[in-house]
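Atoms considered below: every heavy atom in the structure, side chains included; atoms not considered: hydrogens, waters and symmetry mates.
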Amino acid sequence: MAKKLRSQQWFGKKGKDGIIYRAWMKNQGIPDYEFQGKPIIGICNTWSELTPCNAHFRELAESVKRGILEAGGFPVEFPVMSLGETLIKPTAMLYRNLASMDVEESIRANPMDGVVLLCGCDKTTPSLVMGACSVNLPTIVVSGGPMLTGKYNGRNIGTSDVWRFSDDVKSGQMSQEELNIAESGLCRSQGHCAVMGTASTMATMVESLGLTLPQNAAIPAADSRRKVLAQLSGIRIVEMVKEDLKLSDILTKKAFENAIKVNAAIGGSTNFVIHLLAIAGRIGVPLDIKDFDRLSASIPLLANLQPSGEFFMEDLYYAGGIPAIHKELDSYLHQDCITANGKTIRENYQNVNCYNRDVITTLSSPFNNTTALAILYGNICENGAVIKPTAASPHLFKHSGKAIVFENIEDYKLRIDDPDLPVDENSVLVLKNVGPKGYPGMAEVGNMSLPLKLLEKGIKDVVRISDGRMSGTGFGTVVLHVSPEATLGGNFSVLETGDLIHLDLEARSLNVDLSIEELQRRKNNWKPSPPLSDRGYTSLYINNVEQAHLGADLAFLKGGSGSEVKRDSH
Ligand code: FES
């Protein structure tokens with residue numbers, strides 16, 4: 001082995017320190033030949049019964065362990081903060097950066113030579129990758145896999161139907177009894193959301209960055225091949241340690257560009273932007289929000305997956321998986337990017353077949369020619385805003401309408417169904433103070449439910465604008481991530497009901513029809529709301545979180561500190 005194992009700084013020590021490091025491992029019934037001189041592989045586990053999408057991860061970790069032992073390494077499984085999208089209040093995003101700190105410090109502080117990251121539910125992927133990047137050991141990601149496709153009354157359903165069912169119940173088109181039946185068929189196996197929501201987007205992102213073995217993203221959690229992939233990943237991480245193949249060797253600027261192009265082809269979540277920016281910030285790759293539009297604009301939507309299309313992740317796997325998408329994008333990708341298995345991305349996809357052209361379409365005949373991601377600029381969003389055109393309504397791509405402004409989420413909930421709300425199909429709903437600092441944590445509330453009086457008229461979409469985010473399973477003509485956010489006192493902060501707003505997707509513009517003088521007059525009178533917390537982590541977050549166009553990381557977490565521990569403990 002060319003390089004001395006990092007773990008030997010613990011277990012190879014002589015004297016008192018060495019005794020302490022080794023003896024307390026032996027209390028687990030482990031003979032010292034098991035961990036002495038072998039690559040020690042940390043399995044960073046986000047298992048939690050409060051993260052239902054990751055609740056099968058103890059089983060998955062066992063498969064990884066088998067692979068590590070088979071390859072001559074020694075596995076050590078450790079828990080980190082787990083972020084379950086559905087149960088955590090006020091929003092899992094508030095804790096993404098906190099979890100990444102847990103991951104970073106847990107890896108650096110402990111005797112490990114390589115790491116396997118077990119990721120599933122939305123934030124568990126970026127938080128683990130961000131933390132691992134700040135240490136930069138050899139690292140491989142194993143995703144937990146999507147759920148099997150949901151079933152209701154003979155049809156396929158998924159998380160995107162949550163929004164539809166909710167609106168249907170609200171407008172009386174669906175009964176509570178029907179909803180109960182649908183609810184029981186929605187999540188019918190282990191795994192994360194089965195549409196191309198944020199979890200599937202993140203799993204695709206890590207596969208396209210080269211951080212996983214091929215096919216990581218789409219194998220269903222309940223498919224036995226998910227465990228096979230986990231075991232093979234366990235074997236591979238031991239080899240990666242021997243090769244000293246670190247995250248920084250894989251995560252080049254080209255790898256990030258590949259991930260952005262693939263995201264466009266799959267119609268990935270808008271959350272992709274914020275998480276990829278944060279990961280790039282940790283590994284030290286310069287990435288700008290403008291890169292997302294520049295690299296996505298020429299790529300059509302190839303994957304016919306919900307919420308932009310019809311099918312589910314299970315269908316994507318049977319059709320050939322992400323490598324089949326990569327193959328279709330051959331002419332766009334940097335083909336020489338090295339991946340976790342030591343091969344280039346092209347070597348991984350060149351012999352893959354597509355088995356279902358309804359699910360994975362071709363460049364010459366794509367599912368949708370519209371780009372999946374666009375970045376808007378204008379006097380409402382001087383630092384940018386994000387929209388997902390493939391999930392929006394084409395008749396609203398160019399739209400002017402009068403704003404209905406909600407100052408915060410409570411104001412929205414209080415007034416949205418008020419019969420006197422002056423709203424019609426041309427209105428633009430504006431929701432403020434749901435951004436990184438303002439909510440705090442930038443909640444997924446940007447795809448506001450429409451007012452009852454519009455739903456009753458059969459209207460399914462209007463333009464909506466906020467400084468918050470949208471679930472990757474959501475859809476509609478929804479402008480998100482407005483930066484600077486409302487709590488900072490910029491132009492977005494002073495929008496008022498009745499202002500005329502212009503959205504022009506083709507021109508990538510979002511503006512309010514107000515003079516510079518009027519905007520300045522309003523800003524002079526603007527008063528900030530007091531922060532929602534002045535203590536603990538939330539206060540630390542509010543005071544340090546960066547704006548959405550920079551990835552919403554805590555400013556002091558950017559970059560990394562490497563794997564060296566400066567001082568011994570004993
Ligand atoms: Fe976990 Fe959707 S709730 S991935």
Side-chain angles (χ1 to χ4, degrees), residues 122 125 143 145-150 156-161 191-209 212 214-220 223 257-273 276 292 295-333 345 348-349 352-374 387-392 394 470-475:
D122 298 12
T125 303
S143 299
M147 288 184 250
L148 297 175
T149 306
N156 294 330
I157 59 168
T159 318
S160 298
D161 290 295
H192 59 69
C193 291
V195 300
M196 188 46 80
T198 303
S200 300
T201 301
M202 290 294 99
T204 304
M205 175 190 78
V206 286
E207 185 169 340
S208 302
L209 284 168
T212 72
Q215 295 294 3
N216 170 73
I219 304 173
D223 192 310
E257 292 187 347
N258 279 350
I260 292 172
K261 290 171 186 172
V262 176
N263 185 69
I266 59 163
S269 159
T270 46
N271 287 318
F272 171 79
V273 179
L276 197 74
F292 289 80
L295 295 162
S296 302
S298 60
I299 307 229
L301 181 62
L302 299 179
N304 179 2
L305 298 170
Q306 292 207 19
S308 299
E310 177 187 351
F311 294 100
F312 295 83
M313 291 301 286
E314 197 182 338
D315 305 306
L316 176 65
Y317 179 51
Y318 306 147
I322 292 300
I325 299 269
H326 288 168
K327 188 174 185 180
E328 200 55 41
L329 287 174
D330 179 70
S331 57
Y332 285 96
L333 295 182
I345 190 168
N348 287 337
Y349 66 67
V352 167
N353 292 319
C354 174
Y355 301 103
N356 188 340
R357 283 295 177 200
D358 290 336
V359 179
I360 302 173
T361 61
T362 60
L363 273 177
S364 54
S365 181
F367 170 61
N368 189 340
N369 262 314
T370 309
T371 183
L373 192 74
I387 187 169
K388 184 173 181 177
T390 50
M470 167 173 85
S471 164
T473 63
F475 49 86

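The backbone N or O of Ala199 sits less than 3.5 Å from a side-chain atom of Asp122, completing a donor-acceptor pair. Of the possible donor and acceptor atoms, none in the side chain of Asn353 sits under 3.5 Å from a partner among the backbone N and O of Tyr355. Here the side chain of Thr361 pairs a donor or acceptor atom with the backbone of Leu302 at under 3.5 angstrom. Panel note: side chain Lys327, backbone Val352; a donor-acceptor pair is recorded below 3.5 Å. Judged purely by atom type and a 3.5 angstrom limit, Asn216 uses its side chain to pair as donor or acceptor with the backbone of Ser143.
Taking each heavy atom of Leu301 and Ile266 in turn, the nearest pair found is CD1-C, 3.5 Å. Considering all non-hydrogen atoms of both residues, Ile345 and Ser208 come closest at CD1-O, 3.9 Å.
Each side chain to side chain donor-acceptor pair (under 3.5 Å) pair with one or both residues in residues 191-203, not counting sequence neighbours, appears once here: Thr198-Ser269, Thr198-Asn271.
Between Phe312 and Leu148, every side-chain heavy-atom pair lies at or beyond the 4.5 Å cut-off. Within the 4.5 Å cutoff, side-chain heavy atoms of Tyr317 are placed close to those of Gln215.
Side-chain contact check for Asn258 and Tyr332: no donor-acceptor pair (N or O, by modelled atom type) lies under 3.5 Å. The closest side-chain donor-acceptor pair between Thr212 and Glu207, if any, does not fall under 3.5 angstrom. Side chains of Thr473 and Thr159: a donor-acceptor N/O pair is absent below 3.5 angstrom, by distance only.
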